[in-house]
Amino acid sequence: MRTERLLLRPYAAADAPRVLDTLGRSEVIRWLGNPPPAPMADLDEALDWIDVRRQREAADQFDVTRAIVVRDTGVVAGKVSLARAHRLDTGLFMGEYEVGWWLHPDSAGHGYATEAARALIDDVFERGLAEVWCGMYVDNDASAHVAERLGLPFLGVQQDPWYEGDSRLYRVTRDEWLVR
C-alpha cells in the first residue's frame, strides 16, 4: 500500500535490526501489552517476531502487520497492524480485530501513525471487514491523539475486554468509516 508519504509493506528479514532497535526500547514497549513485554533482546528475537507476523497473516487475511516505510528516506518508521483480539475472560477470538501502531522514537511526531492506520483501515474495510476496534492505556495520550485524528468513535474509558484493567476504547464500523 502506498500513501502520500509512506509505503506499507510486510516486514522482511532485513528489517530485523530496526525492529530490535525499536522493540528494545522501554519507551516504546511500555504501551504494547498488559503487562508490557520485556525489551527485545537480539536479532534472532526480531526475526522470530517478523516470522510470527507472516504466519498470522497467512492464517487470516485480516491479521495484518505492515512496516511503515517513509518513501523519501526508506527508513522503517514503525509498524501498523490489525490483529485478532482474544477475549481476556475466555481467550477466545470473537471476530474482533484491533488496529494498532508503534513508531521508533526518531519517527514520532510526523503523522506517520495516522497516515498508515488510515490506509490500513481503508484496506480492510474495502476487503469486507465489518468493524475495527482500538484500545490503549488510559494515559497513552499519543495514541489517543492518533485515534482522534482518525475520527474513530470514542466509547469511553472502560473495562478492556482483551487486556487487564481499564482502557480508552474506540470502535468504528465499515459503514461509519465509509461515510466519514
Side-chain angles (χ1 to χ4, degrees), residues 1-6 8 22-23 25-37 53 56-57 60-70 77-180:
M1 280 180 274
R2 289 184 176 271
T3 69
E4 183 179 333
R5 301 177 298 159
L6 306 172
L8 306 180
T22 307
L23 295 181
R25 295 171 178 266
S26 60
E27 69 265 31
V28 174
I29 66 168
R30 71 177 289 228
W31 305 112
L32 302 184
N34 190 356
R53 266 92 207 135
R56 287 174 30 185
E57 186 172 350
D60 180 342
Q61 68 169 332
F62 294 120
D63 196 338
V64 178
T65 298
R66 294 290 179 260
I68 301 170
V69 181
V70 179
K79 176 217 56 145
V80 64
S81 65
L82 194 74
R84 286 175 165 232
H86 293 85
R87 290 291 177 136
L88 182 64
D89 57 349
T90 64
L92 296 176
F93 171 62
M94 306 297 292
E96 299 155 325
Y97 291 86
E98 181 180 24
V99 65
W101 48 80
W102 47 253
L103 296 171
H104 188 283
D106 68 11
S107 297
H110 302 284
Y112 298 147
T114 305
E115 189 173 330
R118 182 174 290 116
L120 184 59
I121 294 169
D122 282 345
D123 175 66
V124 297
F125 282 150
E126 286 173 15
R127 293 189 290 125
L129 193 65
E131 68 180 10
V132 170
W133 289 83
C134 183
M136 66 206 60
Y137 284 107
V138 173
D139 59 341
N140 188 345
D141 293 333
S143 281
H145 292 306
V146 171
E148 290 161 11
R149 282 191 299 274
L150 288 168
L152 300 179
F154 181 52
L155 302 177
V157 173
Q158 42 185 285
Q159 177 65 44
D160 193 308
W162 307 287
Y163 300 98
E164 294 267 341
D166 288 342
S167 291
R168 289 184 190 191
L169 293 178
Y170 301 79
R171 180 184 155 273
V172 64
T173 67
R174 180 179 189 272
D175 291 341
E176 289 168 333
W177 186 258
L178 294 177
V179 298
R180 74 189 193 291

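Just so it is clear, the structure is predicted and the values come from calculations on it, not from any experiment. For the numbers below, each heavy atom of this structure counts, side chains included, while hydrogens, waters and symmetry mates do not.
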May I ask you to test the Trp177-Val132 pair for a side-chain heavy-atom distance under 4.5 Å?
no

Side chains of Val64 and Asp123 in contact at under 4.5 Å (non-hydrogen atoms)
no

Any Glu176 side-chain heavy atom under 4.5 Å of Glu131 side chain:
no

NE2 of His86 to OH of Tyr163, rounded to nearest 0.5 Å, is 10.5 Å

For Leu103 and Ile68, what are the C-alpha separation, side-chain angles and deciding distance, and is it a side chain to side chain contact (heavy atoms under 4.5 Å, CB included)?
CA-CA 8 Å; Leu103 296 171; Ile68 301 170; 4.1 Å; yes

For Met94, does the CE atom have more than 12 heavy-atom neighbours from other residues, nucleotides or ligands under 6.0 Å away?
no

Where at least one partner belongs to residues 93-116, residue pairs that pass salt bridge (Lys or Arg N to Asp or Glu O under 4.0 Å), sequence neighbours excluded:
Arg5-Glu115, Arg18-Asp106, Arg87-Glu96

Identify the heavy atoms of Leu8 and Ala119 that sit nearest to each other, and give their distance.
CD1-CB, 3.8 Å

Closest approach of Val138 and Arg168, non-hydrogen atoms and distance?
O-NE, 2.8 Å

How many angstroms lie between CD1 in Ile121 and CD in Glu126, if you round to the nearest 0.5 Å?
12.0 Å

Return the minimal non-hydrogen interatomic distance between Arg30 and Asp139, and the atom names on each side.
NH2-OD2, 4.0 Å

Which atoms form the tightest heavy-atom contact between Gly33 and Pro37, and what is the distance?
N-CD, 4.1 Å

Kindly indicate whether the side chain of Tyr170, heavy atoms from C-beta on, has any atom under 4.5 Å from the side chain of Met136.
yes

Taken in chain and number order and not counting sequence neighbours, the residues that satisfy side chain to side chain donor-acceptor pair (under 3.5 Å) with Tyr97 are Asp60

I need the single residue from Arg174, Arg127, Arg180 that forms a salt bridge (Lys or Arg N to Asp or Glu O under 4.0 Å) with Asp122. Which is it?
Arg180

Answer whether the closest heavy-atom distance between the side chains of Leu32 and Leu23 falls below 4.5 Å.
yes

Provide the closest heavy-atom pair for Trp162 versus Asp160 in the form atom of the first, atom of the second, distance.
N-OD1, 2.7 Å

Might you work through the side chain to side chain contact (heavy atoms under 4.5 Å, CB included) test for Val70 and Leu6, ending with a clear yes or no?
CA-CA 5 Å; Val70 179; Leu6 306 172; 4.2 Å; yes

Using side-chain heavy atoms (C-beta onward) and a distance below 4.5 Å, is His104 in contact with Val28?
no

Sub-4.5 Å side-chain heavy-atom contact between Leu150 and Val99:
no

Nearest heavy atoms of Ala77 and Tyr112, plus distance in Å
CB-CD1, 3.9 Å

Does Val172 form a side chain to side chain contact (heavy atoms under 4.5 Å, CB included) with Phe125? I'd like the steps, not just the answer.
CA-CA 10 Å; Val172 64; Phe125 282 150; 4.1 Å; yes

Can you tell me if CD on Glu4 sees more than 12 non-hydrogen neighbours from other groups inside 6.0 Å?
no

Does any N or O in the side chain of Ser81 come within less than 3.5 Å of the main-chain N or O of Ala83, such that one atom is a donor and the other an acceptor?
no

Does Glu57 pair with Arg66 as a salt bridge, N-O distance under 4.0 Å?
yes

Less than 4.5 Å apart, side chain to side chain, heavy atoms only: is that true for Asp166 and Gln159?
yes

